[in-house]
4 protein chains.
Amino acid sequence: MTTRSPGRPRSEEAHAAILDASIALIREMGYDAVTMEAIAARAGVGKATVYRRWTSKELLVTEAVGRIVSTIPVPDTGSAEGDVLVFMRAATSMYRDPATSALLSGLVAAMARSERVAGAVRMGFVARWREGVRLVLRRGVARGELRADVDVELALDVLAGPAFYRYLMLGVVIDDRFTRAVVSTVLRGLASAR
Amino acid sequence: MTTRSPGRPRSEEAHAAILDASIALIREMGYDAVTMEAIAARAGVGKATVYRRWTSKELLVTEAVGRIVSTIPVPDTGSAEGDVLVFMRAATSMYRDPATSALLSGLVAAMARSERVAGAVRMGFVARWREGVRLVLRRGVARGELRADVDVELALDVLAGPAFYRYLMLGVVIDDRFTRAVVSTVLRGLASAR
Amino acid sequence: MTTRSPGRPRSEEAHAAILDASIALIREMGYDAVTMEAIAARAGVGKATVYRRWTSKELLVTEAVGRIVSTIPVPDTGSAEGDVLVFMRAATSMYRDPATSALLSGLVAAMARSERVAGAVRMGFVARWREGVRLVLRRGVARGELRADVDVELALDVLAGPAFYRYLMLGVVIDDRFTRAVVSTVLRGLASAR
Amino acid sequence: MTTRSPGRPRSEEAHAAILDASIALIREMGYDAVTMEAIAARAGVGKATVYRRWTSKELLVTEAVGRIVSTIPVPDTGSAEGDVLVFMRAATSMYRDPATSALLSGLVAAMARSERVAGAVRMGFVARWREGVRLVLRRGVARGELRADVDVELALDVLAGPAFYRYLMLGVVIDDRFTRAVVSTVLRGLASAR
DNA sequence: TCCTAAGCGAGACGGTACGTCCAGTCTTCGT
DNA sequence: ACGAAGACTGGACGTACCGTCTCGCTTAGGA
């Protein structure tokens, strides 16, 4: 029942080669130094083949990055704080991995330029991360660890924001001490009154 | 006693015209679409005249933006929460003003590219904002409103981060309700036990 | 009696469609602006189908043009000059017909690029034209109108060259007055002394 | 009194380097294989510098060729036939010199494509050649060698056309025997009756 | 009053990357 | 086994900016 368009189908090899080349070049030279020309050359592919799939460097890179970011299974450590920490560590590890950290600032700029890129990023790992943390926070409420009137969306922002700000604005390394401090400070604000 | 270099002095008119043109173009087209070529043309100035003063678009824009961002006198509303709110509102108003909001993402990218730009931004309004909030938080500790062992630097990140993240990553408008919710949630985490 | 072979009868249709499309596009856009891509699209045919039959644009166009150029029966007007004029008018009409005139310069370039194209053109209407004029000149010699020692091949060049040069090099319209003047001038040079 | 346009003047070195590179590449690879990219690279010049002066490959090449074609001083051998032969030999030497012969067919195509190129060529060596031959023919008329009612423009076409046609259409080498035969045949047609 | 130095607007310079187009070849499916 | 459709590699196209470099000119201070 699948409608099949005529003509030669797009090559999955080329597709993969382009994504691989993108990731490799980003790691080697950083986001800004990467050019479509170089990606095509590295992938052993004509430029038109790249443009046929991705209309901009940003969209291509967004998808390439999506490949790196792993999906985190929802944990159950017994406490809301422990569960949240798992997600926090997954997120902050992005700020330390050269493959993704070098990318983040360029991605932010690309999102501001293009609503398509912004949409792709938000529906990708941003949405996955938020969905995971949302679940463990709700579980914390259900268990009575967190106040019943907790504003979950706000909590997500207050958890994610500090490291994001610290890394991009202050240019400071995000270590585990900081991560734990953020979590404990925020969860204290959400905790149910004893 | 001032050593006076020979030759024609730099034109202050040109200087101002360049900064004005930069701001105008950023407002009109966004940070990324602005080119040095266009700035020079708009300012009615040769390109060399621009490069003689600023070696990169980022540095120029940083200075141009510095002109817009105002200095906030340290307030005293009677409560730490009230004082913090004053600073928070000054910061979040930047996310709503087209002149600065359109700029932020590009600036983040520029900071990642250039340590000079990063330094200029951090020592500019970032430092001023943090210094102000630092003062009111310390006053809150002194008054006994906040716990004595509060990690002030962490608190600054947790206050500033959420709106920054929300604006750049989620692309959502930062309204006053959100600002107040962040402040009250964070300060609850820092409050001294009854 | 019709053989019932499956999925084949397109062949001659495609062949004709391609030639028709070639001629139409040449008339519309001139030789150089025509692309194999456009020919295939206009003919409603895949590019491979075109390449399967003609390995280059030049060969295809050569054949297409061969269709237009008609064969001239050897005339007998009673005088060598009259006979030659018939052939000359056939030739110069090509310089006026948009279908062939727009083609000529491109064909010349293609002939220089490719010996195959050159061969095809020379053995086609060039040879036919020369053969015809050769005959009437020889008849003129036999009749005593022209000198016995006439260099016929040279005469062919001197007859054909002027209009060819005038059209391609000077970009001037070839009218019948010019044609008659060339013929009369040349034949005067070949005429037998009283 | 010469008005001087502002800004840095165009570099004459670059100008010459581009023309030299064009000529060298044409000799090495032929007209069609030459690319603007290669010309710029060979000249050690940016592509924009080429396009700033010549908007198309054809115009550039036309000018480059103009440099090769030499100006012929009007001869006086004592007879119209001798004078004409001097010009004919200058012209036909172009068909033998690889630097110009490889170029001619492409130039013809370019002239058909672009009125600017056509104009440049016609006003260049075409006009110079015709002017020269025109003079010696008129002198022949004045001396009584040629008929008083000679159509000089027609004579120019009949002289120039045969070799042009023979070279481009028949792809045959133009030797001196042919040149002399054309001249003597044509001048016989123009000669005054004894 | 002239001289020297540096600034000025203008725009050309050598480069790099862009995104488009076409050439000629190579699959895929449908008939 | 052929046909159309269309993707493939490859490479030139002409444009836009980059940051630097002349030009002829202005604007100052010091000789």
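These numbers were taken from a predicted model, which means no experiment stands behind them. Here is how names work: the chains are called A, B, and so on, in the same order as the sequence lines, proteins then strands, and each is numbered from 1.
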Among the nucleotides E/dG7, F/dA4, E/dG14, which one has an atom lying closest to any side-chain atom of D/V45?
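Nucleotide nearest to D/V45's side chain: E/dG14.
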Nearest to side-chain heavy atoms of A/R8, which nucleotide of F/dT22, E/dG7, E/dC26:
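That would be E/dC26.
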Round to a whole Å and report the spacing from [atom1] of [X] to [atom2] of [N].
X	N	atom1	atom2	answer
B/E13	F/dT26	CD	C1'	13 Å
D/Y51	E/dG14	OH	P	15 Å
A/E37	E/dC18	CD	P	6 Å
A/W54	E/dC18	CH2	P	15 Å
A/K57	E/dA17	NZ	C1'	10 Å
D/D32	E/dC22	CG	C1'	15 Å
B/I18	E/dC8	CD1	P	8 Å
C/R42	F/dA5	CZ	P	15 Å

How many angstroms lie between atom NZ of A/K57 and atom OG1 of A/T62, to the nearest 0.5 angstrom?
11.5 Å
Using heavy-atom distances to pick each residue's nearest nucleotide on DNA chain E, tell me which of B/H15 and D/P9 is more 5'.
B/H15
So, does [X] get its side chain near the phosphate of [N], meaning an N or O under 4.0 Å from OP1 or OP2?
X	N	result
C/R53	F/dG3	yes
B/R10	F/dA28	no
D/T49	E/dA12	no

For B/A48, answer base if it contacts any base atom (sugar-phosphate contacts may also be present), sugar-phosphate if it contacts only those atoms, and nothing otherwise; contact means non-hydrogen atoms under 4.0 Å.
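The answer is base, as B/A48 lies within the cut-off (heavy atoms under 4.0 Å) of a base atom.
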May I ask you to say what A/K47 touches in the nucleic acid, namely base, sugar-phosphate or nothing, with a heavy-atom cut-off under 4.0 Å?
base
If you assign C/R52 and B/A33 each to the DNA chain F nucleotide with the nearest heavy atom, which residue ends up on the more 5' nucleotide?
C/R52
Quick one: do C/E63 and C/R53 make a salt bridge, cutoff under 4.0 Å?
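The answer is no: the pair does not qualify as a salt bridge.
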Under-4.0 Å salt bridge between D/R42 and D/E37
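No, D/R42 and D/E37 are not salt-bridged.
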Is it true that, when you exclude D/R116 itself, more than 12 heavy atoms of the residues, nucleotides or ligands shown sit nearer than 6.0 Å to its CZ?
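Check fails, neighbour count at 12 or below.
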Do A/S105 and A/L168 come close enough that some side-chain heavy atom pair is under 4.5 Å?
yes
